[in-house]
Student: 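Below you'll find the structure I mean.
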Amino acid sequence: MVYTITFNPSLDYIVTVDDFKLGLTNRTTSELMLPGGKGVNVSIVLSNLGIENTAIYFSAGFVGDEITRRIKESGIKADEIRISEGCSRINLKLKSIDGTEINGMGPDISDEAIAELYKKLDGLKEGDTLVLAGSIPSSMPETIYSDIMANLQGKGIRIVVDATKDLLLNVLKYKPFLIKPNNHELGEIFGVKLETRESVVEYAQKLLEMGAENVIISMAGEGAVFVNGNGEVYMREAPKGKLVNGVGAGDSMVAGFIAGYLTEKNLLHAFKLGLSSGSASAFSDNLATKEEIMKVYSTVE
């Protein structure tokens, strides 16, 4: 079984505003509302690819109710941890101005809620896959991902981490199965600017030396790079297509890699399916379907 954890899920309100003007009333020309948060996105694409999974997440208030309703509507098993105070966040994504977002803060997570999470994780079994993805509320320690991995050490659980800065660096000593920073996040870690596929290889290999087993570096329109501890290095340019909605593309890449690995145990296939999944979601209004993903996959060299 695959489990995803989302500490700070959201209701993503994705809108198009033609000829947006600051300081004036702007009206939307298209609207889309989706359950969001990196772990939730991974769960949706895994489900689209036929991989059974459970989404574990924290929720609060009426927004939390709607997040749960929409997750269940997607056909995913929802394992909600309810927070009694505060409200889950709403994130505004302005589709007509690429990359423009206003993300909410989300509720504080109590010690009791964290204890409930650990109780759920105690039920994971050898061979299960756990995905730790996305930001955490500011009230939580930056060690939460590494604390979870320390607690699961020796249980034979495959752990995937998609996070930034200290959330990512703190887990490396526990040897995560896969990490997926993008080239900007990788450059920020090492204080360099990385713009070509060739330039990221050296620094991705440093993450291997620090403990990661497999590393994907996503690079948007430049494609992606994969390296692992066996010395394998794969580089692929981005598949051709029109960017429609970049929200969730990186999460789709993680889901595609997991699905590819679990079905064939082949890392090159997993990397190609990950790249195809990320691109297919970027070419779609919503997170990509299996049909959309396999259509892109057929074009990847």
Side-chain angles (χ1 to χ4, degrees), residues 1-8 37-40 42-43 46 51-58 76-81 109-136 140-181 189 204-216 226-232 251 253-267 269-271 274:
M1 174 63 80
V2 180
Y3 298 86
T4 66
I5 298 178
T6 309
F7 281 91
N8 210 2
K38 295 180 76 65
V40 171
V42 171
S43 275
L46 281 172
I51 303 297
E52 184 180 358
N53 71 93
T54 298
I56 302 172
Y57 59 97
F58 297 86
I76 298 162
K77 183 178 178 183
D79 195 353
E80 175 187 29
I81 300 174
I109 298 176
S110 66
D111 291 342
E112 292 77 14
I114 294 296
E116 186 175 346
L117 170 64
Y118 277 107
K119 187 176 180 180
K120 290 179 184 294
L121 295 179
D122 284 342
L124 270 62
K125 301 178 178 61
E126 184 176 356
D128 285 341
T129 299
L130 176 66
V131 181
L132 302 171
S135 65
I136 58 172
M140 300 194 68
E142 290 282 349
T143 59
I144 185 64
Y145 282 2
S146 57
D147 293 344
I148 288 171
M149 291 186 69
N151 191 58
L152 295 174
Q153 280 287 287
K155 294 187 176 182
I157 296 164
R158 191 181 295 110
I159 299 180
V160 175
V161 180
D162 185 5
T164 60
K165 298 182 181 178
D166 289 343
L167 270 180
L168 177 63
L169 293 175
N170 288 337
V171 306
L172 295 178
K173 61 184 176 183
Y174 296 109
K175 303 187 182 306
F177 172 71
L178 174 70
I179 60 173
K180 191 213 68 65
I189 289 171
Q205 289 172 333
K206 289 181 184 293
L207 296 179
L208 296 176
E209 294 168 6
M210 295 167 73
E213 294 183 15
N214 299 283
V215 180
I216 292 181
F226 172 81
V227 301
N228 70 7
N230 297 328
E232 294 169 296
D251 312 324
M253 178 178 281
V254 170
F257 185 95
I258 294 169
Y261 183 78
L262 291 179
T263 52
E264 294 196 12
K265 296 295 190 291
N266 180 290
L267 290 169
H269 168 67
F271 172 56

Student: Nearest 0.5 Å please: distance from the CD1 atom of Ile216 over to the CZ atom of Phe271.
Tutor: 6.0 Å
Student: Check the surroundings of atom CD in Glu126: do more than 12 heavy atoms from other residues, nucleotides or ligands lie under 6.0 Å from it?
Tutor: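 Count not over threshold, so no.
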Student: From Ile56 CD1 over to Glu116 CD, what is the distance, rounded to the nearest 0.5 angstrom?
Tutor: 10.0 Å
Student: Checking side chain to side chain contact (heavy atoms under 4.5 Å, CB included) between Ile5 and each of Leu132, Ile81, Asp79, Ile144, which is the one that passes?
Tutor: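 Exactly one candidate clears the test, Leu132.
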Student: When the side chains of residues 154-168 are checked against the rest of the protein, which donor-acceptor pairs come out under 3.5 Å, sequence neighbours left out?
Tutor:
| residue | atom | partner | partner atom | Å |
| --- | --- | --- | --- | --- |
| Arg158 | NH1 | Thr129 | OG1 | 2.9 |
| Asp162 | OD2 | Lys38 | NZ | 3.3 |
| Lys165 | NZ | Glu188 | OE2 | 3.4 |

Student: CG of Leu172 to CD1 of Ile189: how many Å apart, nearest 0.5 Å?
Tutor: 7.5 Å
Student: Which atoms form the tightest heavy-atom contact between Ala133 and Gly39, and what is the distance?
Tutor: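 In this case the closest contact between Ala133 and Gly39 is CB-N, 3.8 Å.
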Student: Where is the tightest heavy-atom contact between Val227 and Ala204, given as atom of each residue plus distance?
Tutor: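 Nearest pair, atom of Val227 first, then Ala204: CG2-CB, 3.6 Å.
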Student: So does Ser146 get a backbone contact from the side chain of Thr143, meaning a donor-acceptor N/O pair under 3.5 Å?
Tutor: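 No.
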Student: Out of curiosity, Ile179 CD1 to Leu207 CG, how far, rounded to the nearest 0.5 Å?
Tutor: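 That separation rounds to 4.5 Å.
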Student: Output the distance between atom CG (Asp111) and atom CE (Met140), rounded to the nearest 0.5 Å.
Tutor: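 It comes to 9.0 Å.
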Student: Donor-acceptor pair, Asn228 side chain versus Asn230 backbone, under 3.5 Å?
Tutor: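 Yes.
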Student: Does one side chain, of Ser43 or Asn53, offer a donor that lies under 3.5 Å from an acceptor on the other?
Tutor: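 Yes, a side-chain donor-acceptor pair sits under 3.5 Å.
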Student: Does Lys265 have more than 12 heavy atoms from other residues, nucleotides or ligands lying within 6.0 Å of its NZ?
Tutor: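 For Lys265, atom NZ is crowded (more than 12 foreign heavy atoms under 6.0 Å).
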Student: So how far is it from Leu208 CG to Glu213 CD, rounded to the nearest 0.5 Å?
Tutor: 9.5 Å
Student: Can you tell if the side chain of Phe58 reaches within under 4.5 Å of the side chain of Leu117, non-hydrogen atoms only?
Tutor: yes
Student: Is there a side-chain contact between Thr263 and Ile51, using heavy atoms and a 4.5 Å cut-off?
Tutor: yes
Student: Got more than 12 heavy atoms from elsewhere within 6.0 Å of CD, Glu52?
Tutor: no
Student: Report yes if some heavy atom in the side chain of Leu169 is under 4.5 Å from a heavy atom in the side chain of Met210; otherwise report no.
Tutor: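 Yes - at least one pair of side-chain heavy atoms lies under 4.5 Å apart.
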Student: Would you name the heavy atoms of Leu267 and Glu232 that are closest together and state the gap between them?
Tutor: CD1-OE1, 3.7 Å
Student: What closest approach, in Å, do Asn170 and Glu142 show between heavy atoms, and which atom pair accounts for it?
Tutor: ND2-O, 3.1 Å
Student: Using 30° and 60° as the class boundaries, would you call the ring planes of Phe7 and Tyr145 parallel, tilted or perpendicular?
Tutor: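 Tilted, since the angle between the ring planes falls between 30° and 60°.
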Student: Answer yes or no: does atom NZ of Lys173 have more than 12 heavy-atom neighbours from other residues, nucleotides or ligands under 6.0 Å?
Tutor: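 No, NZ of Lys173 has 12 or fewer neighbouring heavy atoms, counting only those of other groups under 6.0 Å.
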Student: To check you understand the geometry: which heavy-atom pair defines the closest contact between Val40 and Thr6, and what is its length?
Tutor: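 So the minimum-distance heavy-atom pair works out to N-OG1, 3.0 Å.
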Student: Return each pair, listed once, that meets ring pair (Phe, Tyr, Trp, His ring centres under 6.0 Å) where at least one residue sits in residues 152-171; pairs must be two or more places apart or across chains.
Tutor: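 Found none.
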Student: Under 6.0 Å from the ring centre and within 45 degrees of the ring axis: does the NZ or CZ of Lys175 meet both conditions for the six-membered ring of Phe177?
Tutor: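 No - Lys175 does not lie over the ring of Phe177 by the 6.0 Å and 45° rule.
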Student: For a quick test of reading the model, state the closest non-hydrogen atom pair linking Ala259 to Leu46 and the distance between them.
Tutor: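 Of all heavy-atom pairs spanning Ala259 and Leu46, the closest is N-CD2, 4.2 Å.
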